[in-house]
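Below, chains carry the letters A, B, ... as their sequence lines are ordered, and counting in each starts from 1.
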There are 2 protein chains.
Amino acid sequence: MNEVNEKKLRLDALDRKILIELQDDASQSLDDIARKVGSSKTPVWNRIRKLKDAGVITRQTVILDPDAVDLGTCFFVLIRTSEHEASWQQRFLAALQARPEVLEAHRLAGEIDYIVKLRVSDARAYDAFYQALIAEVKIFNVTALLSMEELKSTTFLPV
Amino acid sequence: MNEVNEKKLRLDALDRKILIELQDDASQSLDDIARKVGSSKTPVWNRIRKLKDAGVITRQTVILDPDAVDLGTCFFVLIRTSEHEASWQQRFLAALQARPEVLEAHRLAGEIDYIVKLRVSDARAYDAFYQALIAEVKIFNVTALLSMEELKSTTFLPV
DNA sequence: TATGAAAACCTTCCAAC
DNA sequence: GTTGGAAGGTTTTCATA
């Protein structure tokens with residue numbers, strides 16, 4: 001995988017079909033993908049390389065069952081802060097980046113400043129995260145939402 | 001990829017190292033993985049097959065840059081309902097499953113009943129989703145949280 | 001369980017169209 | 001831009017330790 005060369009590549013119908021196949025199963029052979037998208041090996045190979053070089057395809061990975069690796073407990077944490085300085089943000093961001101149980105974090109528009117998604121083994125592990133976080137950065141208000149059931153979970157983007 | 005044979009496999013240190021490597025880059029060759037985890041091709045190959053068969057590894061996929069495919073707008077939607085019957089839940093679940101812009105949906109403990117994560121091209125596309133959803137199922141209260149900045153986003157589970 | 005090797009298969013690149 | 005193919009690499013299986 002090389003550097004990102006372009007940022008906004010225009011995608012045609014063949015590119016989109018290839019992205020659907022790769023998102024569906026990245027272990028398929030080029031021949032299989034080519035057959036399914038109605039093309040052949042070389043053009044598909046050239047497109048995939050172009051999509052990787054352009055940064056449309058960022059990574060190739062494996063998705064694990066969270067329960068199977070004892071990370072069956074999922075929390076969404078809504079955070080409000082009274083601090084809005086750059087240095088506070090930097091420390092908050094560093095704290096999130098450093099913690100592997102944090103899978104997602106977004107800065108929001110509106111009353112709630114941040115949302116953080118976590119996967120942990122149990123509620124005690126969440127509390128350990130919470131205690132560590134508030135020890136590192138000052139936070140005004142925290143609401144933890146505990147997931148009882150994952151109704152849908154996908155990385156598939158409808159291209 | 002075969003059927004799920006066991007549910008809770010006990011993972012040893014070698015399994016964990018392999019899962020880290022595969023999560024990090026699933027396009028690596030067996031030889032590279034074997035070298036990095038301090039083993040050799042055949043044992044690593046057998047472990048990977050075992051992890052897939054057991055359902056620990058669920059899929060092999062490619063992660064796309066949302067901006068590059070014009071899905072740069074991310075919303076978290078907090079939903080409260082007054083309906084708690086099985087038939088309502090079924091229709092709600094079906095509506096979420098059918099919509100490709102819904103990437104995640106969880107049933108929650110506490111005051112807020114559901115959280116839904118969406119990726120769309122812009123705020124109008126969110127409104128279209130919202131209108132379609134409330135037309136299909138009765139909802140008591142909806143709060144949409146708009147992401148201004150994605151601070152962290154990973155599928156990597158710390159095994 | 002690990003090693004090494006053989007066979008089948010795939011990726012990558014390239015020449016010809 | 002497509003096709004087919006050659007060369008090298010990788011996966012998968014298996015015999016052997």
### Task
Round to the nearest Å and state the distance from Arg47(B) atom CZ to dT11(D) atom C1'.
19 Å
### Message
Quiz question: by atom type and distance under 3.5 Å, do the side chains of Ser27(B) and Asp25(B) form a donor-acceptor pair?
### Response
yes
### Query
Under 6.0 Å between ring centres, would you say that holds for His106(B) and Tyr114(B)?
no
### Task
Nearest whole angstrom, please: distance from the C1' of dG5(D) to the CG of Leu30(A).
15 Å
### Query
When you list every nucleotide of DNA chain C with an atom under 4.0 Å from a heavy atom of chain B, which one comes first 5' to 3', and which comes last?
dA2(C) to dG4(C)
### Query
For the hydrophobic clusters of this structure (ILVMFWY residues joined by side-chain heavy atoms under 4.5 Å, transitively), does one cluster hold both Leu146(B) and Leu133(B)?
yes
### Query
Angle class for the Tyr126(B)/Phe129(B) ring planes (parallel below 30°, perpendicular above 60°, tilted otherwise)?
tilted
### Query
For Arg49(B) and dT11(D), is the shortest distance between a side-chain N/O and OP1 or OP2 below 4.0 Å?
no
## Note on the structure
Of Gln28(A) and Leu14(B), the one whose nearest nucleotide on DNA chain C sits closer to the 5' end is Leu14(B)
### Message
What is the separation between atom CD1 on Ile48(B) and atom C1' on dT13(D), rounded to the nearest whole Å?
### Response
15 Å
Which atom pairs, donor and acceptor, lie under 3.5 Å between side-chain atoms of residues 9-19 of chain B and protein residues at least two apart or in another chain?
unit_1: Asp12(B); atom_1: OD1; unit_2: Leu14(B); atom_2: N; d: 3.1
unit_1: Asp12(B); atom_1: OD1; unit_2: Asp15(B); atom_2: N; d: 2.9
unit_1: Asp12(B); atom_1: OD1; unit_2: Arg47(B); atom_2: NH1; d: 2.9
unit_1: Asp12(B); atom_1: OD2; unit_2: Arg47(B); atom_2: NH1; d: 3.0
unit_1: Asp12(B); atom_1: OD2; unit_2: Arg47(B); atom_2: NH2; d: 3.3
unit_1: Asp15(B); atom_1: OD1; unit_2: Arg47(B); atom_2: NH1; d: 3.0
unit_1: Asp15(B); atom_1: OD1; unit_2: Lys50(B); atom_2: NZ; d: 3.1
unit_1: Asp15(B); atom_1: OD2; unit_2: Asp12(B); atom_2: N; d: 3.1
unit_1: Asp15(B); atom_1: OD2; unit_2: Lys50(B); atom_2: NZ; d: 3.1
unit_1: Arg16(B); atom_1: NH2; unit_2: Leu11(B); atom_2: O; d: 3.3

### salt_bridge(Glu101(A), Arg119(A)) N-O dist < 4.0 Å
no
### Task
For DNA chain C, determine which residues of residues 33-45 of chain B have any heavy atom closer than 4.0 angstrom to one of its atoms, and list them numerically.
Ser40(B), Thr42(B), Pro43(B)
